[in-house]
S.K.: 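Got a structure here, written out as structure tokens. Questions coming.
Fair warning: this is a prediction, and the values are worked out from it, not measured in the lab. Heavy atoms only: backbone and side chains are in, while hydrogens, waters and symmetry mates are out.
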Amino acid sequence: MEEKLTRLNKYLSEVGYCSRRAADKLIDARRVTINGVVPEMGTKVSESDVVEVDGKEIKGNDNPFVYLAFNKPVGIVCTTDTRVEKDNIIDYIKYPKRIFPIGRLDKPSEGLIFLTDDGDIVNKILRGSNNHDKEYLVTVDKPISQTFIQHMARGIYLEDLDKTTKKCEVEKLGTHEFRIILTQGLNRQIRRMCEYLTYEVVALKRIRIMNIKLDIPVGEYREFTKSEFTELNRLLVDSDKTFANKTIAKQSRR
């Protein structure tokens with residue numbers, strides 16, 4: 001009996017790695033191999049073939065990595081050092097496999113954070129030059145002015161970090177609440193920006209990272225859906241995964 005053959009781009013899509021269009025880009029960039037050989041566009045594969053992207057084997061539904069979306073409560077610390085911090089995210093979740101958070105939310109903040117054991121995806125999401133959206137709802141201690149919104153949106157120089165924040169999307173939602181979308185991950189960025197404008201953050205919640213939205217109760221987690229994972233990989237296909245180890249240790253806090 002002959003083995004079933006599937007076009008390579010369709011195979012990568014069907015196993016949930018990325019969309020066909022994203023797969024075509026990977027193949028064209030010569031980042032995909034079949035049995036160690038760089039294929040031509042339109043090549044077909046069988047179940048016995050070994051397909052790799054950037055040297056990592058891509059299997060069917062047997063994904064070796066864990067990808068979780070977690071709604072972090074206020075008071076939980078995004079650290080894997082369980083010996084130092086008793087209110088750490090790892091002990092709180094108690095997942096049976098060793099995982100770590102992608103980026104951080106500081107202790108007084110809540111909302112969406114990813115956890116995984118896939119180091120490559122961590123670097124691609126966190127690297128600021130890749131410009132991936134993160135959306136937040138923020139409540140401050142006094143009425144929001146139009147001047148405040150304009151300053152937040154066009155960028156603020158943070159003297160203690162010696163950096164100017166990138167232009168971003170900011171929308172006033174209520175007297176004391178606004179929505180902000182960042183593509184940057186500076187340390188406690190939103191809080192520092194507000195402090196510069198003499199506002200204090202009362203509550204901060206992250207509600208979206210790239211294509212994945214917060215849709216679970218506080219303190220609970222779920223796995224990425226197949227469609228979410230496919231779209232996430234499509235968005236990450238051109239992302240640089242180079243990320244110095246010393247920088248990972250300083251992942252962004254809000």
S.K.: Any sub-3.5 Å donor-acceptor pair from R234's side-chain atoms to L236's backbone N or O?
M.R.: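 Checking the backbone N and O of L236 against the side chain of R234, no donor-acceptor pair under 3.5 Å is found.
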S.K.: Strictly distance-based, threshold 3.5 Å: is any side-chain N or O of Y199 a donor or acceptor partner for the main-chain N or O of T139?
M.R.: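 The answer is no, because no donor-acceptor pair under 3.5 Å joins these two groups.
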S.K.: State, yes or no, whether a side-chain contact exists between R7 and K44 at a heavy-atom distance under 4.5 Å.
M.R.: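 Sidechains of K44 and R7: in contact.
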S.K.: With side chains defined as the heavy atoms from C-beta onward, is the minimum distance between D28 and M41 less than 4.5 Å?
M.R.: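 A side-chain contact exists here, since the closest heavy-atom pair is under 4.5 Å.
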S.K.: Is it possible for you to say whether L214 and M210 belong to one hydrophobic cluster, with membership spreading through side-chain heavy-atom contacts below 4.5 Å?
M.R.: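 Linked, L214 and M210 end up in one cluster.
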S.K.: Please name the pair of heavy atoms, one in A69 and one in I216, separated by the smallest distance, quoted to 0.1 Å.
M.R.: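 Result for this residue pair: O-CD1, 3.3 Å.
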S.K.: So S109 and K205, do their side chains get closer than 4.5 Å, heavy atoms only?
M.R.: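 The answer is no, as the side chains (C-beta and beyond) never meet within the 4.5 Å cut-off.
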S.K.: Would you say I181 and L197 are hydrophobically clustered, going by side-chain heavy atoms of ILVMFWY under 4.5 Å?
M.R.: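 Hydrophobic grouping puts I181 apart from L197.
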S.K.: Rounded to the nearest 0.5 Å, how far does CG of L105 lie from CD1 of I113?
M.R.: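 Output value for this atom pair is 5.0 Å.
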S.K.: Report, as yes or no, whether the 6.0 Å neighbourhood of atom CD on E223 holds more than 12 heavy atoms from other residues, nucleotides or ligands.
M.R.: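 Atom CD in E223 is not crowded, with 12 or fewer foreign heavy atoms closer than 6.0 Å.
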S.K.: Roughly how far, to the nearest 0.5 Å, is the CD1 atom of I76 from the CD atom of E85?
M.R.: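 Atom-to-atom, E85:CD and I76:CD1 are 8.5 Å apart.
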S.K.: Distance-only, no hydrogens or angles: does the R206 side chain make a donor-acceptor pair with backbone N or O of L112 under 3.5 Å?
M.R.: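 It does hold such a pair.
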S.K.: Is the F224 ring parallel, tilted or perpendicular to the F114 ring (thresholds 30°, 60°)?
M.R.: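 Rings of F224 and F114: perpendicular, over 60°.
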S.K.: Donor-acceptor pair, D49 side chain versus S46 backbone, under 3.5 Å?
M.R.: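 Yes, D49 side chain to S46 backbone: donor-acceptor pair under 3.5 Å.
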S.K.: Is the shortest heavy-atom distance from the side chain of L158 to the side chain of K163 under 4.5 Å?
M.R.: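 No, their side chains stay 4.5 Å or more apart.
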S.K.: State, to 0.1 Å, how close D87 and G75 come at their nearest heavy-atom pair, and which atoms those are.
M.R.: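 Answer, listing the atom of D87 first, then G75: CB-O, 3.5 Å.
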S.K.: In terms of heavy-atom contacts, does NZ of K142 have more than 12 from other residues, nucleotides or ligands at under 6.0 Å?
M.R.: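 Buried by this count: over 12 neighbours within 6.0 Å.
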S.K.: Please tell me whether D162 and Y157 have a donor and an acceptor in their side chains that are separated by less than 3.5 angstrom.
M.R.: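 Short answer, yes.
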S.K.: Does a side-chain heavy-atom distance below 4.5 Å link E220 with N71?
M.R.: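 E220 vs N71: side chains apart.
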S.K.: Evaluate whether atom CD of E159 has more than 12 neighbouring non-hydrogen atoms of other residues, nucleotides or ligands under 6.0 angstrom away.
M.R.: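 No, CD of E159 has 12 or fewer neighbouring heavy atoms, counting only those of other groups under 6.0 Å.
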S.K.: Closest heavy-atom contact between R222 and K213?
M.R.: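 Scanning both residues completely, I find the closest heavy atoms to be NH2-O, 3.9 Å.
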S.K.: Roughly how far, to the nearest 0.5 Å, is CG of L182 from CD of E169?
M.R.: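 CG of L182 is found 10.5 Å from CD of E169.
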S.K.: Can you measure from OG1 (T116) to CD1 (I121) and round to the nearest 0.5 angstrom?
M.R.: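 If I round to the nearest 0.5 Å, the distance is 6.0 Å.
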S.K.: What are the two closest heavy atoms between T80 and P101, and how far apart are they?
M.R.: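 Here T80 and P101 meet closest at CG2-CD, 3.7 Å.
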S.K.: So, taking the atom named CG in L235 and the one named OG1 in T230, what distance separates them when rounded to the nearest 0.5 Å?
M.R.: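 Reported to 0.5 Å precision, the distance equals 11.0 Å.
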S.K.: In this structure, are over 12 heavy atoms from other groups packed under 6.0 Å from R179 atom CZ?
M.R.: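 Yes, CZ of R179 has more than 12 neighbouring heavy atoms, counting only those of other groups under 6.0 Å.
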S.K.: Take C194 and M152 through the test side-chain contact (heavy atoms from CB on, under 4.5 Å) and record every step on the way to the result.
M.R.: CA-CA 8 Å; C194 289; M152 293 287 285; 4.0 Å; yes
S.K.: Determine whether I102 and F65 fall in the same hydrophobic cluster, where Ile, Leu, Val, Met, Phe, Trp and Tyr are linked whenever their side-chain heavy atoms lie under 4.5 Å apart.
M.R.: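 I102 clusters together with F65.
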S.K.: I'd like to know if V138 and I149 are part of one continuous hydrophobic network [Ile/Leu/Val/Met/Phe/Trp/Tyr, side-chain heavy atoms within less than 4.5 Å].
M.R.: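 I149 clusters together with V138.
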S.K.: Using a 4.5 Å cut-off on heavy atoms from C-beta on, say whether the side chain of V51 contacts that of E57.
M.R.: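 A side-chain contact under 4.5 Å is absent here.
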S.K.: Linking I/L/V/M/F/W/Y whenever any side-chain heavy atoms sit under 4.5 Å apart, do V77 and V74 land together?
M.R.: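 No, it is not one cluster - the side chains of V77 and V74 are not joined through contacts under 4.5 Å.
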S.K.: To the nearest 0.5 Å, tell me how far K72 NZ sits from L115 CG.
M.R.: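 Rounded to the nearest 0.5 Å, the NZ-CG separation comes out at 11.5 Å.
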S.K.: Using side chain to side chain contact (heavy atoms under 4.5 Å, CB included) as the criterion, list what pairs up with D81, not counting sequence neighbours.
M.R.: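 Per chain and number, D81 pairs via side chain to side chain contact (heavy atoms under 4.5 Å, CB included) with T79, R83, V84.
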S.K.: Any side-chain heavy-atom pair from F100 and V122 closer than 4.5 angstrom?
M.R.: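 A side-chain contact exists here, since the closest heavy-atom pair is under 4.5 Å.
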S.K.: Begin from the C-alpha positions of D160 and R188 and carry the test salt bridge (Lys or Arg N to Asp or Glu O under 4.0 Å) through to its verdict.
M.R.: CA-CA 12 Å; D160 54 343; R188 297 181 66 253; over 6 Å; no
S.K.: Using 30° and 60° as the class boundaries, would you call the ring planes of F178 and F148 parallel, tilted or perpendicular?
M.R.: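 Perpendicular, since the angle between the ring planes exceeds 60°.
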S.K.: Distance-only, no hydrogens or angles: does the R104 side chain make a donor-acceptor pair with backbone N or O of C78 under 3.5 Å?
M.R.: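 Pair found, side chain donor or acceptor close to backbone of C78.
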S.K.: Using modelled atom types and a 3.5 Å cut-off, is there a donor and acceptor pairing between side-chain atoms of D141 and backbone atoms of E200?
M.R.: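 Checking the backbone N and O of E200 against the side chain of D141, a donor-acceptor pair under 3.5 Å is found.
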S.K.: Near K56 NZ, under 6.0 Å, is it more than 12 heavy atoms from other residues, nucleotides or ligands?
M.R.: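 Yes, enclosed.
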S.K.: Using 30° and 60° as the class boundaries, would you call the ring planes of Y221 and Y95 parallel, tilted or perpendicular?
M.R.: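 Geometry flag for Y95 against Y221: perpendicular rings.
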S.K.: Minimum heavy-atom separation for I144 to E177, with atom names?
M.R.: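 It is CD1-N, 3.4 Å.
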S.K.: Is a side-chain donor-acceptor pair under 3.5 Å present for T165 with R192?
M.R.: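 No, because no side-chain N or O of R192 sits under 3.5 Å from a partner of the opposite role on T165.
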S.K.: Under the rule for side chain to side chain contact (heavy atoms under 4.5 Å, CB included), what residues qualify as partners of S227, not counting sequence neighbours?
M.R.: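 Here the qualifying residues are T225.
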S.K.: When you compare the side chain of I27 with that of T43, does any pair of heavy atoms fall below 4.5 Å?
M.R.: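 The answer is no; the side chains never approach within 4.5 Å.
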S.K.: Please report the shortest heavy-atom distance between V66 and D117, naming the atom on each side.
M.R.: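 Closest approach of V66 to D117, heavy atoms only: N-OD1, 2.8 Å.
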